[in-house]
Amino acid sequence: MMPPFSYVLVLSAILFGLGVVCVAVRRNLIMILIGVEIIINAAGLAFVAGSLRWNMPEGQIFVLFLAAMAASEVSVGLAMIVYLHKKKKTVNIDHFDEMKE
Amino acid sequence: MNALAFYLLSAAAIFSTLMAISRRELIHAVVYLVLSFFSLALIFFMMGAPLIAALEVLIYAGAIMVLFLFIVMMLEMGAAKIPLTPFRKVWGPAVVIAAVIFFSMAILFFGTPQTAVSPMTAFVSPRRFGQALYTKYYLAVEAVSLLLLFALVGALYLGKRDNNP
């Protein structure tokens, strides 16, 4: 038996909510990037489910673009984290509340 | 798609994501997230997306998470226990946002008729995927390649040696 289409969407929503909670609650920059990864993956799950539901490959093609976007976001974000860590010796975002050094 | 396997895999994905966002050691969080990506890849495979499942393992679990591990070890934050944020400070907005998402999802879930997903597995073969990608959406592929190039240049600029104090 197949699980209904909306069950997949519910799983996607739960993962999305967990990612949002991770971004909003954790104070560590790396944990925030991990939360963004969870959010992007949940969106990709919804895309693949829609692709299966309407029998079109476009949803899966968009997941490929999502993966490229996630990869570029993580590379720039981690480079920024390394840069900030060299400047301030911390990755807690509560210490990055001013634009001047 | 086998329903029981779907339920088991989604339970594994939710559990490992929950563990990942609540760990105090970063290494544990990253490894739990790899587990979550593996179960998501299996769900993708069962939903007729074999190429996306392979890319999920290769790009997310393989490349991105190893990059995370590399940075965590380079900054020597692996063993440090990061204190969790006190509840009253920031949990309020997070709980409100998550509740809004879950509530709207529940409206969608109970307000629409339950349609079963189509029973085909592997309905987008890699051949069909590639043909659609490189005939219909080749311009989007160019745009994404430009995005990756910009990300490369940005990461190089940020990591330049004389840029650092």
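Computed from a predicted model, the values in this text were never measured in an experiment. The sequence lines fix the lettering, A, B, ..., with proteins before strands; numbering per chain opens at 1.
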Taking side chain as everything from C-beta outward and backbone as N, CA, C, O, which of these in [X] sits under 4.5 Å from a heavy atom of chain A? Side chain, backbone, both or neither.
X       : result
F37(B)  : side chain
V141(B) : both
A132(B) : both
L67(B)  : both

Can you tell me how far [atom2] of [Y] sits from [atom1] of [X], rounded to the nearest 0.5 angstrom?
X      : Y      : atom1 : atom2 : answer
L64(A) : I59(B) : CG    : CD1   : 6.5 Å
I21(B) : L15(A) : CD1   : CG    : 10.0 Å
L55(B) : Q60(A) : CG    : CD    : 10.5 Å
S12(A) : L40(B) : OG    : CG    : 9.0 Å
L51(B) : I61(A) : CG    : CD1   : 10.0 Å
R24(B) : M31(A) : CZ    : CE    : 12.5 Å

Quick one: do [X] and [Y] end up in the same hydrophobic cluster if we chain Ile, Leu, Val, Met, Phe, Trp and Tyr together by side-chain heavy atoms under 4.5 Å apart?
X       : Y      : value
M19(B)  : I39(A) : no
F68(B)  : V82(A) : yes
F150(B) : L66(A) : no
I32(A)  : M69(A) : yes
Y32(B)  : V30(B) : no

Region of [X] that comes under 4.5 Å of a non-hydrogen atom in chain B:
X      : answer
I30(A) : both
L9(A)  : both
M56(A) : backbone
I14(A) : both

Taking all non-hydrogen atoms of both residues, which atom of [X] and which atom of [Y] are closest, and how far apart?
X       : Y      : result
A49(A)  : M47(B) : N-CE, 3.9 Å
F44(B)  : L45(A) : CE2-CD1, 3.4 Å
L78(A)  : I71(B) : CD1-CG1, 3.8 Å
E56(B)  : N41(A) : OE2-OD1, 2.6 Å
A67(A)  : Y60(B) : CA-OH, 3.6 Å
R128(B) : P57(A) : NH2-CD, 3.4 Å

Which residue out of [options] racks up the most heavy-atom pairs below 4.5 Å with chain B?
options                        : result
S72(A), G17(A), A68(A)         : S72(A)
G35(A), G77(A), A70(A)         : A70(A)
V74(A), V23(A), I81(A)         : V74(A)
L18(A), V76(A), V10(A), V63(A) : L18(A)

Q) chain A: which of A143(B), A99(B), A140(B) shares the most heavy-atom pairs with it under 4.5 Å? A) A140(B)
(Q) For the interface with chain A, which of I64(B), V144(B), L148(B) has the highest count of heavy-atom pairs at distances below 4.5 Å? (A) I64(B)
Q: With sequence neighbours excluded, give me every ring-ring contact (aromatic ring centres under 6.0 Å, His included) pair touching residues 15-52 of chain A.
A: F47(A)-F62(A)
Q: In sequence, state the C-alpha distance, the side-chain angles, and the governing distance for F6(B) and V8(A), and then conclude on side-chain contact (heavy atoms from CB on, under 4.5 Å).
A: CA-CA 9 Å; F6(B) 172 75; V8(A) 186; 3.8 Å; yes
Q.
I'd like to check the side chain to side chain donor-acceptor pair (under 3.5 Å) partners of S36(B); sequence neighbours left out, ordered by chain and number.
A. T17(B)
Q | Whether over 12 other heavy atoms sit under 6.0 Å from M80(A) CE | A | no
